[in-house]
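Lettering of chains follows the sequences in order, A, B, ..., and the numbering in each one begins at 1.
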Number of protein chains: 2
Amino acid sequence: MGPDHERNPRGSLDDVAIEVVGVVVAVTDDRPRVLTVGGAAPRLPTGALHLSGDVTLERALRRMVLEQTGLELGYVEQLYTLGDRDRGTDLAVRLISVAYLALVREREPQGDSQWRDLYEFLPWEDFRGGRPAPLDRSVIPALRDWVERSDGDAADVRRERAGIVFGRDGSPWDIERSLERYELLYEMGWVPEAGARQDPPQRGAAMALDHRRIVAQALGRVRGKLRYRPVVFELLSDEFTLTGLQRVVEALSGTRLHSQNFRRLIDRGGLVEGTGRHDTGTGGRPAELHRFRREVVRERPAPGVGLPGMPTSG
Amino acid sequence: MGPDHERNPRGSLDDVAIEVVGVVVAVTDDRPRVLTVGGAAPRLPTGALHLSGDVTLERALRRMVLEQTGLELGYVEQLYTLGDRDRGTDLAVRLISVAYLALVREREPQGDSQWRDLYEFLPWEDFRGGRPAPLDRSVIPALRDWVERSDGDAADVRRERAGIVFGRDGSPWDIERSLERYELLYEMGWVPEAGARQDPPQRGAAMALDHRRIVAQALGRVRGKLRYRPVVFELLSDEFTLTGLQRVVEALSGTRLHSQNFRRLIDRGGLVEGTGRHDTGTGGRPAELHRFRREVVRERPAPGVGLPGMPTSG
DNA sequence: ACAAAAGTGTTCGTCTTACACCCATGC
DNA sequence: GCATGGGTGTAAGACGAACACTTTTGT
């Protein structure tokens, strides 16, 4: 990716490199998955912008992901651009990374790339089986510790912030604040990337550089987007059962939804229409197959699947 | 800003430049304003990233805006990164621009910079005085024309898209789609930047390069943000009347709000608290001064001012 | 028959919207 | 007094959460 850059002995930066990074998300078997490259501390698909060849940044991303993983992307949106001076690259260049979120239907990737469960990296974000164990066993105590490591006003500020982003002291757990949660844990020096050499599973799997942060941001973005744009359908095949749809939404939001109300919400919103065909093999009564109604985009200003509030806890 | 770059005679790009761009927004006298630099085709404050000196992109932005306009920014969030190969720069470098949205209380800027009414650039976005004249007199006919310039399926696709983003044929006008509207007008070759040499006032004032596009995106972002984060208060002084608050929200959303319900929404949401002090000189009964309650951030997951739906039209 | 999952109906409480009305000031 | 804007009450309706219940399959 680009010219070789040696560590600069003078410590000053006089060159810059631009790369694109993709958080490619799919959902299969009720698990949200993210496309990674490499082994121990995997990274997200990343590649240099071809200054002359890539007409747009988005097309650079599509080219790069195709080259590295063999996957053609569908829905793509720009997420964030990272350009801090100290990003742990060991390069003498200033590295600017333009990160994208992409949603695809899962297909087998090629080369060194593979799908991993997104919650491996952020295990405290998955409430589908009740409050996640790492949250109460590991995160909360660490937070308490961090609050008590300071005193007076500083402690109040910390307690306040921890309460807001982790849903404590009367604040609700807000699924969209996944980035704020990660950033707080990072600042605490608690996540493996931030210096700690050991990698306790409760703290989630590490990724290269600041890629885990990008994943946290992507998760928050998807969760928000679900509410008001029909992006779930990018992850489903053309025909699906309502329960299948619900499972995908649950996987991404990290919550369980009330199935009866979910169905109603969906078809009252006019998001889908039945095909008349059915899926047997669901274990019980066959489920009707539905398809996405493209027309809703014009009928309603913000068509999304509508997520409920989370139970307040802690 | 950075090294000089000549037009490259070979037509291939082998160098890159990074800059930060700020859409600095304020509201005064019920008008949303954006900070601009220069005269005829003004630009947004823009400056090169100091590879070695700027620790983060955000700090680069704050430094740059301070240097160019003398203003210290408060709330800042990253908006988008532009990096298309053809951005009309006449430079032989690939120009990457990281755009930020900033909200400030208006103060007099220094040097070559000045505040301009945001709706000068996007006159079809302001519904406060009823449907904006440029929309019906100029935009809609141009859209119709554009649809009819194609035929068959292509015409249907165009009609559909025009309907969605401009709130026609049963679609509601969605205030947050300001970028999509601008992009459509741009693709139509209708806005001055896109080749047209004349500058009809109905089409809005031109800006340098693609800066007007960035303004359109910033407007959409602010409008969305209003709904679910208490960002309005960044634009107000510490104490304000509820009507004052309403005027600011109206200025940004480009709509009129029902005052009685607006008040209730605000203080039912616990966003503000009365100070007991009053503002005479409002023309009628003195209005109580309020202040923002910072605590709401912890109490509610998405505290915003809550905008109503717009009346469907066209 | 029974389990399992799909799908429907109904109630209840909350939030949104609209309308009517009262209050406090300046002229 | 009356115009002007600030501020409150209340009722109708939309919407979400919760619960009970019926339907259709496989074993």
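- Separating the CZ atom of B:Arg263 from the P atom of C:dT17 is a distance of 17 Å, rounded to the nearest angstrom.
- Looking at B:Glu125, its side chain never comes within 3.5 Å of a backbone N or O of B:Gly254 through a donor-acceptor pair.
- Rounded to an integer number of Å, the gap from A:Gln246 CD to C:dG7 C1' is 12 Å.
- Checking C:dC19, C:dG7, D:dC19 against every side-chain atom of A:His258, the shortest atom distance belongs to D:dC19.
- Not a single donor-acceptor contact under 3.5 angstrom links the side-chain atoms of A:Arg264 to the base of C:dG7.
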Item to complete: Decide side chain to side chain contact (heavy atoms under 4.5 Å, CB included) for A:Leu289 and A:Thr241; before the verdict, give the C-alpha distance in whole Å, the side-chain angles of both, and the deciding distance to 0.1 Å.
Response: CA-CA 5 Å; A:Leu289 289 167; A:Thr241 66; 4.0 Å; yes
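- The side chain of A:Thr280 contributes no N or O atom lying less than 4.0 Å from OP1 or OP2 of D:dT25.
- In this entry the distance linking CZ of B:Arg285 with P of C:dC21 reads 18 Å, nearest Å.
- Put simply, the side chain of A:Trp124 never gets that close to the backbone of A:Gln202: no donor and acceptor are under 3.5 Å apart.
- At whole-Å resolution of the value, CG in B:Leu257 and P in C:dA18 are 12 Å apart.
- Note on A:Thr243: only backbone sugar-phosphate atoms sit closer than 4.0 angstrom, heavy atoms only; bases stay farther off.
- Across the protein-nucleic acid pair, B:Asp279 atom CG and C:dG26 atom C1' stand 14 Å apart, rounded to whole Å.
- Minimum atom distance to the side chain of B:Gln260 is reached by D:dG7, of the listed D:dA17, D:dG7, C:dG7.
- Checking D:dG7, C:dG7, D:dA17 against every side-chain atom of A:Asn261, the shortest atom distance belongs to D:dA17.
- Across the protein-nucleic acid pair, A:His278 atom NE2 and D:dT24 atom P stand 10 Å apart, rounded to whole Å.
- Annotation: side-chain hydrogen bond (donor to acceptor under 3.5 Å, both in side chains) contacts of B:Thr28 (sequence neighbours excluded): B:Glu106.
- Residues B:Asp126 and B:Arg31 are not paired through a salt bridge, judged by the lack of any N-O separation under 4.0 Å between the basic side chain and the carboxylate.
- Here the P atom of nucleotide D:dG6 and the CZ atom of B:Arg247 are 7 Å apart, to the nearest Å.
- Between the CZ atom of A:Phe262 and the P atom of D:dA18 there is a distance of 16 Å, rounded to whole Å.
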